[in-house]
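Take a look at the structure below.
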Amino acid sequence: MGHMDHAAFGWLTPVLSYVMACTGAALGLRCTVRALGATGRSRRNWLITAASAIGTGIWTMHFVAMLGFSVSGTEIRYDVPLTVLSLLVAMIVVCAGVFAVGYGRDRARALLLGGLTTGLGVASMHYLGMAAVRLHGDVTYDPMRVALSVVIAVVAATAALWAALNIKSPVAVTVASLVMGVAVSSMHYTGMFAVRVQVTPSGEVLPGATAMQFVFPLAVGLGSYLFLTSAFVALSPTAGEREASASAQRPVESAAH
């Protein structure tokens with residue numbers, strides 16, 4: 001059995017992956033809050049942005065953490081199509097969960113459905129991403145730890161959506177995001193501790209791309225998207241601010257007439 005190291009670069013990858021998870025959660029929560037205060041096309045656009053932020057944050061967290069994953073006796077490569085598919089799955093399923101909450105009339109039912117859908121999507125993304133790993137040997141999983149990681153994903157997703165429905169202030173959203181970062185990271189490392197690798201030494205060249213060739217550039221690109229979108233959301237006025245601005249302009253327009 002190959003010796004696995006989940007933090008080959010020390011604390012760098014766990015801390016950086018946690019930051020990405022928190023950033024995606026914070027942006028997703030803020031966008032969902034904006035969506036619930038909007039109507040029509042604006043609500044839909046905010047929900048899509050929220051889903052892309054949460055999905056991107058979770059995916060980036062996973063693969064930044066995977067940059068620190070190594071197994072003695074074998075190199076590691078990634079199947080590019082499967083890796084990209086895991087990103088699409090994360091975004092699509094999270095989108096379904098967020099829309100269930102954003103448009104659901106029965107809040108409790110929508111929350112349960114959205115949390116279950118999103119949690120299973122997060123878990124699917126994780127294990128699809130793991131299926132993209134190519135190494136010399138066989139990968140197996142501890143079923144109990146896999147089940148625990150799925151439960152953590154569903155609970156974390158449900159908690160995130162509950163926060164989006166009930167938490168409005170920026171400070172509260174920040175605290176909720178930090179908690180969500182812990183939950184998503186816990187899900188990832190619980191899933192990783194379920195992994196067992198039986199190395200089979202071989203001189204054959206592994207198919208796929210190395211982490212630095214593919215995963216790292218993509219993670220940097222998606223991370224940049226998260227931070228730029230965060231800046232846009234922070235600078236764009238809320239519904240309350242727009243209403244206050246419109247109210248302030250009415251007396252000026254009345255006086256002009």
Side-chain angles (χ1 to χ4, degrees), residues 4-28 31 48-71 74-98 118 120-135 139 149 153 156-157 160 177 180-181 183-189 191-192 195 205-233:
M4 291 180 293
D5 189 345
H6 297 285
F9 299 105
W11 284 100
L12 177 62
T13 49
V15 170
L16 188 56
S17 63
Y18 172 70
V19 170
M20 300 313 299
C22 291
T23 303
L27 180 55
C31 289
I48 290 173
T49 305
S52 67
I54 296 172
T56 299
I58 292 169
W59 187 94
T60 307
M61 177 272 146
H62 170 80
F63 280 99
V64 167
M66 288 301 291
L67 292 174
F69 177 65
S70 66
V71 181
T74 178
E75 62 175 332
I76 295 175
R77 289 180 177 262
Y78 294 87
D79 181 288
V80 174
L82 269 180
T83 304
V84 173
L85 180 60
S86 69
L87 173 60
L88 295 178
V89 166
M91 289 188 174
I92 292 171
V93 182
V94 169
C95 190
V98 169
T118 305
L120 292 177
V122 171
S124 298
M125 180 282 303
H126 175 88
Y127 289 105
L128 191 57
M130 288 304 297
V133 172
R134 298 289 178 264
L135 47 73
V139 178
S149 71
S177 304
M180 282 308 304
V184 172
S185 297
S186 298
M187 179 270 160
H188 171 82
Y189 285 106
M192 292 308 297
V195 175
V205 177
L206 289 167
T210 66
M212 289 302 173
Q213 286 174 337
F214 175 66
V215 173
F216 180 71
L218 188 56
V220 169
L222 293 174
S224 300
Y225 161 77
L226 283 177
F227 285 109
L228 290 173
T229 308
S230 297
F232 168 76
V233 172

Query raised in the report: Got a sec, which residues hit side chain to side chain contact (heavy atoms under 4.5 Å, CB included) with Val139, two or more places apart in sequence or on another chain?
Result: Leu135, Tyr141, Val195, Val197

Query - Close side-chain approach of Leu222 and Phe63, heavy atoms under 4.5 Å - result: no

Query raised in the report: When rounded to the nearest 0.5 angstrom, what is the spacing between CE in Met20 and NE2 in His62?
Result: 14.5 Å

Query raised in the report: How many angstroms lie between OG in Ser86 and CE in Met130, if you round to the nearest 0.5 Å?
Result: 11.5 Å

**Report entry** Heavy-atom side-chain proximity of Arg134 to Leu82 below 4.5 angstrom
**Finding:** yes

Query raised in the report: How would you list, by chain and number, every residue that makes a side chain to side chain contact (heavy atoms under 4.5 Å, CB included) with Ile48, sequence neighbours excluded?
Result: Arg44, Phe99

Query raised in the report: If every non-hydrogen atom of Ser177 is compared with every non-hydrogen atom of Ala26, which pair is closest and at what distance?
Result: OG-CA, 2.9 Å

Query raised in the report: How long is the gap from CG on Leu128 to CG on Leu87, to the nearest 0.5 Å?
Result: 10.5 Å

Report task. Dump the intermediate steps for side-chain contact (heavy atoms from CB on, under 4.5 Å) on Leu226 and Leu27, then the final yes or no. Result -> CA-CA 8 Å; Leu226 283 177; Leu27 180 55; 4.1 Å; yes

Query raised in the report: What pairs with Tyr18 under ring-ring contact (aromatic ring centres under 6.0 Å, His included), at least two apart in sequence or on another chain?
Result: none

Requested in this report: For the residue pair Ile76 and Val71, establish whether any side-chain heavy-atom pair is separated by less than 4.5 Å.
Outcome: yes

Report summary line: Residue set satisfying side chain to side chain contact (heavy atoms under 4.5 Å, CB included) with Ile54, at least two apart, ordered chain then number -> Ile58, Val94, Val98

Query - Minimum heavy-atom distance Tyr127-Ser149, with the two atoms named - result: OH-OG, 2.7 Å

Name the atoms and distances for all side-chain donor-acceptor pairs under 3.5 Å in residues 4-12, with sequence neighbours left out.
from	atom 1	to	atom 2	distance (Å)
Asp5	OD1	Ala7	N	2.9

**Report entry** Where Val122 and Met187 come nearest, the two heavy atoms and their spacing
**Finding:** CG1-SD, 4.2 Å

**Report entry** Minimum heavy-atom distance Leu67-Ala211, with the two atoms named
**Finding:** CD2-CB, 3.5 Å

Report task. Check Ala65 against Ser17 and note the closest heavy-atom contact, atom names and distance. Result -> N-CB, 3.8 Å

Query raised in the report: With Ser52, which residues qualify under side-chain hydrogen bond (donor to acceptor under 3.5 Å, both in side chains), at least two apart?
Result: Tyr225

Report task. Report yes if the side chains of Met61 and Ser185 come closer than 4.5 Å at any heavy-atom pair, otherwise no. Result -> yes

Report task. Measure the spacing between CG of Leu88 and CH2 of Trp59 and express it to the nearest 0.5 Å. Result -> 10.0 Å

Query raised in the report: Looking only at heavy atoms, what is the nearest atom pair of Thr210 and Tyr78, with distance?
Result: C-CD1, 4.5 Å

